[in-house]
Amino acid sequence: MSMPFYVAPEQFMQDRADFARQGIARGRSVVVMSYAGGILFATHNPSRALHKVSEIYDRIAFAAVGKYHEFESLRVAGIRYADLRGYTYDRADVNVRGLATSYARTLATVFTQEAKPFEVELVVAEVAQDVAHDQIYRLSFDGSLTETPGYVVIGGDAEQRTDHLASSWSPDAALPAALRGALAALAVGADHDTPPTGELEVAVLGRSGPRRAFRRLAEADLAGALDPAGGEQP
């Protein structure tokens with residue numbers, strides 16, 4: 001009778017974490033940052049159908065890197081969570097902190113109990129009336145949850161790009177300046193300066209306006225915002 005192969009629990013968890021990190025590092029980075037007019041999400045994504053940035057609820061949005069089918073299932077679960085809570089109680093009772101906590105529980109359960117951990121990293125954000133009260137949460141594959149005021153980068157070479165944003169980010173920036181800052185961060189360590197506007201996925205959570213704050217920026221919007229001859233927009 002053969003003996004079962006023993007692996008120390010510490011080594012088992014380390015191997016799972018290394019596996020998940022390798023999958024996430026292969027994904028293109030997503031930059032999420034507050035600016036004067038709201039919260040900006042930007043990434044290089046040539047696909048027009050497989051979005052990495054999506055609306056969750058009125059003033060809440062979601063961004064992800066890693067395995068598409070895994071973060072897509074989490075996105076759908078997040079929408080169901082928000083819709084059910086809003087329907088059961090009130091739309092004002094839906095907040096990003098509760099959503100982030102729900103995601104953290106799911107990711108931690110999969111990491112410790114399932115055959116394979118999720119190869120994903122997430123950001124969920126809720127826009128407020130001013131930059132100081134915006135909420136941006138980063139979630140790792142193991143359920144680790146971190147609030148990151150101001151800005152965050154996930155996926156790819158996130159550490160270098162975060163360092164770049166640290167030296168350039170301003171809470172008072174208008175949308176064109178914030179967009180240029182996000183694209184400059186995405187270009188750090190890449191083999192290109194800025195991808196064509198048709199290969200960018202950019203969305204914002206607007207600080208003012210109607211109940212639904214999420215808006216995708218079309219290619220024409222991006223071209224206008226990046227045109228040095230154009231004026232600053234909020």
Side-chain angles (χ1 to χ4, degrees), residues 29-45 48 51-65 71 75-76 78-79 81-83 85-86 90-100 103 122-139 147-154 165 168-186 194-195 197-228 230-234:
S29 295
V30 178
V31 173
V32 182
M33 59 192 297
S34 290
Y35 69 101
I39 299 177
L40 171 70
F41 301 76
T43 184
H44 179 195
N45 181 12
R48 297 296 85 193
H51 292 148
K52 299 168 75 172
V53 179
S54 300
E55 178 184 27
I56 293 289
Y57 209 64
D58 294 344
R59 303 180 71 79
I60 300 173
F62 165 103
V65 295
F71 69 67
R75 182 189 69 84
V76 172
I79 292 172
Y81 165 89
D83 280 345
R85 189 167 181 82
D90 186 88
R91 299 188 78 88
D93 292 319
V94 181
N95 60 68
V96 72
R97 188 166 61 86
L99 176 66
Y103 276 143
L122 312 179
V123 171
V124 287
E126 180 174 1
V127 70
Q129 293 303 310
D130 55 67
V131 171
H133 292 91
D134 286 345
Q135 295 183 66
I136 302 174
Y137 293 97
R138 177 180 188 171
L139 292 121
E147 185 175 9
T148 58
Y151 56 85
V152 65
V153 183
I154 57 172
L165 275 181
S168 63
W169 177 74
S170 168
D172 300 322
L175 178 57
L179 180 57
R180 288 193 293 270
L183 298 185
L186 291 174
T194 300
T197 53
E199 295 184 4
L200 292 173
E201 182 180 358
V202 179
V204 297
L205 283 170
R207 203 172 298 287
S208 59
R211 186 174 65 190
R212 295 181 65 180
F214 186 84
R215 176 170 67 95
R216 292 190 184 278
L217 300 191
E219 192 172 347
D221 298 327
L222 295 174
L226 295 173
D227 182 359
E232 294 284 292
Q233 305 171 31

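Positions are given from 1, in the same order as the sequence printed here.
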Side chain to side chain contact (heavy atoms under 4.5 Å, CB included) between S170 and M33, intermediate numbers included: CA-CA 9 Å; S170 168; M33 59 192 297; over 6 Å; no

Audit row: V32, R138, side chain to side chain contact (heavy atoms under 4.5 Å, CB included) steps and yes/no: CA-CA 10 Å; V32 182; R138 177 180 188 171; over 6 Å; no

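- Counting heavy-atom neighbours within 6.0 Å of R212 CZ, excluding the residue itself, gives a total of 12 or less.
- Under 3.5 Å, the side chains of R75 and H51 contain no donor-acceptor pair of N or O atoms.
- Rounding to the nearest 0.5 Å gives a distance of 9.0 Å between CZ of F62 and CG of L99.
- Every ring pair (Phe, Tyr, Trp, His ring centres under 6.0 Å) that Y151 has, sequence neighbours left out, goes to W169.
- Residue Y103 holds its OH atom at 4.0 Å from CD1 of I56, rounded to the nearest 0.5 Å.
- The two residues A213 and V127 have their closest heavy-atom pair at CB-CG1, 4.2 Å.
- Contact between S34 and V131 at its shortest, heavy atoms only, is CB-CG1, 3.8 Å.
- Atom CD of E219 sits about 8.5 Å away from atom CG of L200, to the nearest 0.5 Å.
- Atom CZ of R91 is surrounded by more than 12 heavy atoms from other residues, nucleotides or ligands within 6.0 Å.
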V31 and L186: CA distance, side-chain angles, deciding distance, side chain to side chain contact (heavy atoms under 4.5 Å, CB included) verdict: CA-CA 7 Å; V31 173; L186 291 174; 3.6 Å; yes

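- When all heavy atoms of A173 and A178 are compared, the pair lying nearest together is CB-N, 4.2 Å.
- Between V124 and L139 the shortest side-chain heavy-atom distance falls below 4.5 Å.
- A search for ring pair (Phe, Tyr, Trp, His ring centres under 6.0 Å) contacts involving F71 returns Y68, not counting sequence neighbours.
- In this structure, OG1 in T148 is found 11.0 Å from CD in Q135, a value given to the nearest 0.5 Å.
- Among all heavy-atom pairs drawn from T197 and L222, the shortest one is O-CD1, 3.7 Å.
- Contact record, G86 with Y57: CA-OH, 3.6 Å, taken as the closest heavy-atom pair.
- What you find for V53 and F214 is that their closest heavy atoms are CG1-CE1, 4.0 Å.
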CA sep, side-chain torsions, deciding dist, call: L217, L175, side chain to side chain contact (heavy atoms under 4.5 Å, CB included): CA-CA 11 Å; L217 300 191; L175 178 57; 4.2 Å; yes

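- Under the 3.5 Å distance criterion, the side-chain polar atoms of R59 are left unmatched by any main-chain donor or acceptor of L205.
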Worked check of salt bridge (Lys or Arg N to Asp or Glu O under 4.0 Å) between K52 and E201: CA-CA 8 Å; K52 299 168 75 172; E201 182 180 358; over 6 Å; no

